[in-house]
K.L.:
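Below is the structure I would like to discuss, written out as structure tokens.
Below, read A as the first sequence line, B as the second, and so on, with proteins coming before strands; counting in each chain starts at 1.
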Number of protein chains: 2
Amino acid sequence: MQFKLPKTPAVSVKGKDFKLADVDPNDITPFKHKPDDKDEAGPRLLELRKRLNDLQELLYAEHKRSLLIVLQAMDTGGKDGAIENLLTGVNPAGVQVSSFKAPTSEELKHDFLWRIHAQTPKQGHIGVFNRSHYEDVLITRVHGLIDEKTCKQHYHDINNFEQLLLNNGTRILKFFLHISKKEQAERLQARLDDPAKNWKFDPNDLKERAYWDDYQAAYEAAMTHCSSGDAPWFVVPANNKWARDLAITEIVVAALEDMDPQPPKPDFDVKAQVIE
Amino acid sequence: MQFKLPKTPAVSVKGKDFKLADVDPNDITPFKHKPDDKDEAGPRLLELRKRLNDLQELLYAEHKRSLLIVLQAMDTGGKDGAIENLLTGVNPAGVQVSSFKAPTSEELKHDFLWRIHAQTPKQGHIGVFNRSHYEDVLITRVHGLIDEKTCKQHYHDINNFEQLLLNNGTRILKFFLHISKKEQAERLQARLDDPAKNWKFDPNDLKERAYWDDYQAAYEAAMTHCSSGDAPWFVVPANNKWARDLAITEIVVAALEDMDPQPPKPDFDVKAQVIE
């Protein structure tokens, strides 16, 4: 690990024997609040947001390195909410959020990393991926669109691709928002029950839900094959939204603190400037 | 005008005899606060932000139309601050901020709208331009890089281009953040006086400042040639940051209210869905 991890319920994926089932989606330790005590997280979150805002400005001022944040989850896992929460108070001019849906016919004419590469954050910026290149070892694998050999090749390609970004000064943090199958049922039901949320419901989500265990296995395999000290995967217990958001923000701030971006020294004589 | 304008200090540009000098950069009427009473703007701003957040979600849900917000200003005019303020509380996944700097050599191989077109907001999204295609009738005109005839042609091209976007369901709002020359001097000096702000200072800004009057004339010409009811220019008095931010947010919310985005009706039988 390249930086000292803050204490959160999130688990960093290390070693080939990592099991997703060992992580409790309801876990909120060591946060010192009760599950329904979400306002208690408020003061710390406000403190972190202020620090994040400052660090982002420094990253932008330095204009040498960048940060890539990848978010993956099962349907209703909370990617949109987590992104909205994380970026509250962050200057939108220094952030780019990219959502990867089913590839277009044009995108399918290229290798699977082509459309991803085009969206990587430029110097001084924070890039957030809502879904990512990992879909190509998840949905494709679950539905048998790629065989085992191709999947292994994809893991290898992903690791090499992330190494290229790392070599160029991009720090990478990858988060899997970990909800329980029961929690997903409740969130889907809420989308059906509230007419204002109907548009968020897609009957296809139910078909995908039937493959729950296969997805969990595919995530486990992808994370164990593609997690390194420089580009770690974090499994974030995400049944409690406040704990999910606090954990992610803690880790992002800690990573930026570790990067310690510095604004450039002026290349002109500050005292000689006269404003007329 | 396609929508009822809220009462703000901003002036919408109408008619060929519009004069920038007639707009006072310090104006805060009809806001009912004193210039230094910035916290008074707070409650209304919070109310507007909540409404903006709701309207953006509806625009996203509808997924048919989009909103393009163009920001232009003299150096230190407050584009970055205004964007950060406007987008506070807006879901970043539905917004794209594009900053247009000096064109790259690749961009210069195309017409001046090529790089702009590539950044226009897609359906359901809000796009924010920090500088824009208008630079091609401002800096180029002030420095004599284009002649009068080319400039006129550019106005024409811009109007046709914006009409294309309008035809496709993109609402366009254009804001000129109007500061005084004295205010610019103070803001530039602040960047020199505070070492933490030195990186924001560019000695070239002083060279451009010498062309202040030429820029004001170029803005006046561009705005009178390229302001229409469907794609209006607003001159926003911007010496007081809180009044600037409140005015912009009022207008953006009013435009979205007028668009009145509607989430799509479910194309499946909601009651027939069973979550197992």
K.L.:
How far does CH2 of A/W199 sit from CD of B/E62, to the nearest 0.5 angstrom?
P.N.:
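The CD atom of B/E62 is 11.0 Å from CH2 of A/W199, to the nearest 0.5 Å.
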K.L.:
Can you tell me which portion of B/L206 sits under 4.5 Å from chain A's heavy atoms? Options are side chain, backbone, both or neither.
P.N.:
side chain
K.L.:
Nearest 0.5 Å please: distance from the CG atom of B/N204 over to the CZ atom of A/F268.
P.N.:
10.5 Å
K.L.:
Could you give the distance from CD (A/Q273) to CG (B/N198), rounded to the nearest 0.5 Å?
P.N.:
9.5 Å
K.L.:
So do the side chains of B/E57 and A/K200 get within less than 4.5 Å of each other, counting heavy atoms only?
P.N.:
yes
K.L.:
Top residue by heavy-atom pair count (under 4.5 Å) with chain A, among B/V97, B/D193, B/D202, B/N130?
P.N.:
B/V97
K.L.:
Heavy-atom count around B/Y215 OH within 6.0 Å, excluding the residue itself: above 12?
P.N.:
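Count over threshold, so yes.
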K.L.:
How about OH on A/Y211, more than 12 heavy atoms from neighbouring residues, nucleotides or ligands closer than 6.0 Å, or not?
P.N.:
no
K.L.:
Measure distances from B/Q96 to the heavy atoms of chain A and classify the residue's part below 4.5 Å as side chain, backbone, both or neither.
P.N.:
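Contact with chain A involves no heavy atom of B/Q96 at all.
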K.L.:
Side chains of B/L192 and A/I275: closer than 4.5 Å at any heavy-atom pair?
P.N.:
yes
K.L.:
Please classify the contact between B/P203 and chain A as side chain, backbone, both or neither, with a heavy-atom cut-off of under 4.5 Å.
P.N.:
both
K.L.:
Please lay out, stage by stage, how B/N53 and A/E84 fare under the test side-chain hydrogen bond (donor to acceptor under 3.5 Å, both in side chains).
P.N.:
CA-CA 11 Å; B/N53 185 281; A/E84 187 167 0; 3.2 Å; yes
K.L.:
Please determine whether the number of non-hydrogen atoms from other residues, nucleotides or ligands lying under 6.0 Å from atom NZ of A/K181 exceeds 12.
P.N.:
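Check passes, neighbour count above 12.
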K.L.:
Checking heavy atoms, do the side chain of A/V274, its backbone, both or neither come under 4.5 Å from chain B?
P.N.:
backbone
K.L.:
Measuring from atom OG1 of B/T88 to atom CG of A/L87, what distance do you get when rounded to the nearest 0.5 angstrom?
P.N.:
11.5 Å
K.L.:
Is it the backbone or the side chain of B/P266 that comes under 4.5 Å from a heavy atom of chain A, or both, or neither?
P.N.:
side chain
K.L.:
Within a strict 4.5 Å, meaning less than it, do heavy atoms of the B/P92 and A/I83 side chains meet?
P.N.:
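With C-beta onward as the side chain, the pair touches.
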K.L.:
With only heavy atoms counted, which part of B/V128 is less than 4.5 Å from chain A, the side chain, the backbone, both or neither?
P.N.:
neither
